[in-house]
Every structure is written in C-alpha cells, then in structure tokens.
Amino acid sequence: MTNARKLIFAGSALAVALSLGACGEREQVVVYKQGKYQGKPDSQPWDNDPSQSLYTTSKWSKGDKVGWETAVKTRNLTQNEYTRAE
C-alpha cells in the first residue's frame with residue numbers, strides 16, 4: 001500500500017471509531033432523596049451585597065428591603081420605553 005492509501009484507511013478507521021463511540025449514551029437520571037433539598041439554599045435578594053456595576057446608580061445596603069425595592073422600581077422606570085425622553 002502507498003502512503004496515501006494508508007492515510008485514507010487510517011482516517012476512515014478513525015471516523016468509524018468516533019462515530020460508533022458517539023452512539024453510546026449513558027442514563028442521565030438524577031437520584032432524589034425524598035424530602036431533602038440538595039441544592040444551594042436561596043436567600044432574600046436584599047440580604048445580598050449590592051453588586052458594583054457601571055450601569056446602575058442605585059444605592060441600597062445589605063438587609064435594607066425598602067431600599068432594595070426602591071432601587072428595583074427606579075431601575076424598572078428607566079427601562080420603560082414609553083417614559084423615556086428622546
């Protein structure tokens with residue numbers, strides 16, 4: 001055999017091996033424990049530290065529910081296309 005035929009044969013064998021390997025699929029079933037939450041517990045959004053962002057001017061402190069709600073309402077007002085001044 002020539003080198004070109006050997007290369008084509010090797011490439012074909014590799015393609016067959018990869019395509020057959022892709023056919024196998026493992027089960028993807030999650031085992032749940034009854035009554036047990038296995039994820040990360042969620043906290044209230046106002047109990048988190050305010051993120052530093054260049055795009056927001058809202059000021060609220062950690063644990064301040066009223067300040068957090070005001071910041072969200074203010075942000076939502078700037079996202080309303082009908083109230084934007086052009």
Undergrad: Mind checking side chain to side chain contact (heavy atoms under 4.5 Å, CB included) for W46 and listing every partner two or more places apart, or none if nothing turns up?
TA: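 Result, side chain to side chain contact (heavy atoms under 4.5 Å, CB included) vs W46: Q44, K65, W68.
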Undergrad: How many angstroms lie between atom CD of E69 and atom CG of D64, to the nearest 0.5 angstrom?
TA: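 E69 atom CD to D64 atom CG measures 9.5 Å (nearest 0.5 Å).
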Undergrad: According to side chain to side chain donor-acceptor pair (under 3.5 Å), who are the partners of S61, at least two apart in sequence or on a separate chain?
TA: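 Testing S61 for side chain to side chain donor-acceptor pair (under 3.5 Å), a comparison that skips the adjacent residues, returns none.
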Undergrad: Between atom OG1 of T2 and atom CD1 of I8, what is the distance when rounded to the nearest 0.5 Å?
TA: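 So the gap between those two atoms works out to 7.5 Å.
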